[in-house]
Chemist: 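Below you'll find the structure I mean.
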Number of protein chains: 2
Amino acid sequence: MKRPSQTSYVILGFLSTEPSLSGYDIRKAVQESVGHFWSESYGQIYPSLKRLVAEGFIVPSRPASTGKRKRQEYSITETGRASLRRWLALPFQHDPPRNEFLLKLFFGSEAAPGVVAGHIHQIQESSQHLLATLVEIDAFVQNHPSQNPHQPYQMLTLKAGIALACTTLDWCESAFATLATANAGAALPQQPIDKHDRNRA
Amino acid sequence: MKRPSQTSYVILGFLSTEPSLSGYDIRKAVQESVGHFWSESYGQIYPSLKRLVAEGFIVPSRPASTGKRKRQEYSITETGRASLRRWLALPFQHDPPRNEFLLKLFFGSEAAPGVVAGHIHQIQESSQHLLATLVEIDAFVQNHPSQNPHQPYQMLTLKAGIALACTTLDWCESAFATLATANAGAALPQQPIDKHDRNRA
DNA sequence: CGTGGCATGTAAACGGTTACATGATTTA
DNA sequence: TAAATCATGTAACCGTTTACATGCCACG
């Protein structure tokens, strides 16, 4: 019996918050709610579901035969919930996430003029986009109060994402300034840096 | 001929800044200078070195004494430098780094009391430690000016690390506050909380 | 003389993505 | 009826880590 990977706990986690989900649902849930710091592929999810059933951590619910779409949902068992709790209590491992952007930046002096500025522009744009969607979610939740016990914790991850995105954007501006003074002759993207407003967490 | 992995470019990158390095040196350089956002293992470095030699991107320098197993250094070639530059100009891919801490936080409502606070304490400590070392490097560089063309870019990654660490620390404090008010104000409806005190780390 | 750091390397296992295959159901 | 989406699943491949094996060399 293989040692379960983190994917199993993602599945157990989502099944602990929803009564019943299919593999497809879980994939979507991952993308939509933890997409800014996690990802899962079907090739990982479906085998994990089978293994979790074999281990008794989840059970198939809503058998596919009932006229509806061919889809199989699962529910968490008490043993599954216990396994999740055990994993949650374990200290997380804090390996440095490989950041290709920072790596290219680090070797930036070797790059052709404008290349580094282009990369910074790229994270600036993606951070702006991320920030916008996170702020939107934040506003929605603020306007729709609920007693959902999961919400405070989910909001903490949301706030973390917002804060980090803001910091990244600030850093981008200072980085552009640094580049401008460092090599005055280098070609920068024509994009004027506009003052986006920041709502700080 | 296999498509080179990012490891190859890390090697080329460091060999572009130093005239001659061994596999061991490269490993150490990765840990010491980009360790907060990258990592490489020997199992990755040594095969890559051989492949890079076969491709003509690097050449062995300081040949090992005949028959003896000693340290072997390598130097980058012009083709190697060109390959590095080509890679640098390519847009980086921005996949969400898997963050186990945020994942456990997201499912925190399922955890036993104190578990989440313990995790937050853990990143708080590691962020403090990281910040201290980065600030130290920053101060050192500030006091030892140099014309090294790589320095401005390396400093940008350093500043990014410092900014993100600071943000993380700020977030930790607000997260502790959130947890405190949440636990004190709203009682969890599912299970009456016993008088078990939270274990403080 | 032995310990610990320097140094190189490999095999196996592992986690994960990608590409592919299949087909049902809804919607335009 | 065609296209898009829903939905499940697998095989191959890839990059990476881990554990292991080997041996040099300096220092106490």
Side-chain angles (χ1 to χ4, degrees), chain A residues 1-11 20-32 34-35 37-54 58 60-74 87 93-100 103, chain B residues 1-11 20-32 34-35 37-54 58 60-74 87 93-100 103:
Chain A
M1 197 173 290
K2 282 169 129 185
R3 198 183 70 229
S5 75
Q6 287 164 321
T7 301
S8 304
Y9 296 112
V10 175
I11 293 172
S20 179
L21 290 171
S22 69
Y24 194 85
D25 295 335
I26 291 168
R27 172 87 202 287
K28 250 201 331 190
V30 168
Q31 283 180 162
E32 286 167 9
V34 295
F37 61 82
W38 204 266
S39 71
E40 291 292 348
S41 61
Y42 292 131
Q44 199 72 338
I45 289 173
Y46 285 112
S48 292
L49 283 171
K50 296 208 155 179
R51 204 175 59 232
L52 286 168
V53 169
I58 64 175
S61 56
R62 301 210 196 187
S65 54
T66 56
K68 284 284 184 181
R69 279 171 183 270
K70 182 188 145 194
R71 93 194 224 110
Q72 180 59 63
E73 298 189 353
Y74 300 88
W87 174 75
Q93 70 195 63
H94 194 36
D95 27 36
R98 287 182 156 210
N99 189 323
E100 191 181 336
L103 189 64
Chain B
M1 197 175 291
K2 282 169 125 187
R3 197 184 71 229
S5 74
Q6 286 165 319
T7 301
S8 304
Y9 296 111
V10 174
I11 294 172
S20 179
L21 290 171
S22 70
Y24 195 84
D25 294 336
I26 291 168
R27 173 84 202 287
K28 252 204 326 192
V30 168
Q31 282 179 163
E32 286 167 9
V34 295
F37 61 82
W38 204 267
S39 71
E40 291 293 347
S41 60
Y42 292 130
Q44 206 58 349
I45 289 174
Y46 285 112
S48 292
L49 283 171
K50 297 209 154 181
R51 206 175 56 231
L52 286 169
V53 169
I58 63 176
S61 55
R62 304 205 195 193
S65 317
T66 52
K68 300 227 172 182
R69 208 140 83 105
K70 279 185 127 183
R71 117 192 209 98
Q72 178 61 63
E73 299 189 354
Y74 301 89
W87 173 76
Q93 69 194 63
H94 194 36
D95 27 37
R98 288 182 154 209
N99 189 323
E100 190 182 336
L103 188 65

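In what follows, chains are A, B, ... by sequence order, proteins preceding strands, each numbered from 1.
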Chemist: How many whole angstroms separate atom CZ of Arg51(A) from atom P of dG16(C)?
Modeler: 10 Å
Chemist: Would you say the side-chain atoms of Ser20(A) and Ser61(A) include a donor-acceptor pair closer than 3.5 Å?
Modeler: yes
Chemist: Could you check how far OH of Tyr74(B) sits from C1' of dA7(C), rounded to whole Å?
Modeler: 11 Å
Chemist: To the nearest angstrom, how far is Gln31(B) atom CD from dG5(C) atom P?
Modeler: 14 Å
Chemist: Which pairs, protein N/O on one side and nucleotides 16-20 of chain D N/O on the other, fall under 3.5 Å?
Modeler:
unit_1	atom_1	unit_2	atom_2	d
dT16(D)	OP1	Arg98(A)	NH1	2.2
dT16(D)	OP2	Ser5(B)	OG	3.4
dT16(D)	OP2	Thr7(B)	OG1	3.2
dT16(D)	OP2	Gln44(B)	NE2	2.2
dT16(D)	O5'	Gln44(B)	NE2	3.1
dT17(D)	OP1	Ser39(B)	OG	3.4
dT17(D)	OP2	Ser41(B)	OG	3.0

Chemist: Lys50(A) NZ to dA7(D) P: how many Å, rounded?
Modeler: 18 Å
Chemist: Sequence neighbours left out, what passes side chain to side chain contact (heavy atoms under 4.5 Å, CB included) with Gln93(A)? Give chain and number order.
Modeler: Asp95(A), Glu100(B)
Chemist: Taking side chain to side chain donor-acceptor pair (under 3.5 Å) as the definition, give me every residue that meets it alongside Trp38(A), ordered by chain and number, with sequence neighbours left out.
Modeler: Glu40(A)
Chemist: Ser41(B): what forms a side chain to side chain contact (heavy atoms under 4.5 Å, CB included) with it, not counting sequence neighbours?
Modeler: Gln44(B)
Chemist: Output all residues satisfying salt bridge (Lys or Arg N to Asp or Glu O under 4.0 Å) with Glu73(A), sequence neighbours left out; order by chain, then residue number.
Modeler: Arg62(A), Arg71(A)
Chemist: Can you pull out the residues from residues 21-30 of chain B that lie within a 4.0 Å heavy-atom distance of DNA chain D?
Modeler: none
Chemist: Just by modelled atom types, is the Phe37(A) backbone N or O under 3.5 Å from a matching donor or acceptor in the Arg98(B) side chain?
Modeler: no
Chemist: Roughly how far, to the nearest 0.5 Å, is CD1 of Ile58(A) from CG of Leu52(A)?
Modeler: 4.5 Å
Chemist: Just jot down the ring pair (Phe, Tyr, Trp, His ring centres under 6.0 Å) partners of Tyr46(A), sequence neighbours excluded, or say none.
Modeler: Tyr42(A)
Chemist: How long is the line joining CG of Leu49(B) and P of dT8(C), in whole Å?
Modeler: 8 Å
Chemist: Without decimals, in angstroms, what is the distance between Ile45(A) CD1 and dG9(D) C1'?
Modeler: 12 Å
Chemist: Might you point out which heavy atoms bring Arg51(B) and Ser5(B) nearest each other, and give the distance in Å?
Modeler: NH2-N, 3.8 Å
Chemist: When the distance from CD of Gln72(A) to P of dT22(C) is rounded to whole Å, what number comes out?
Modeler: 22 Å
Chemist: Grab the OH-P distance between Tyr46(A) and dG23(C) for me, whole Å please.
Modeler: 16 Å
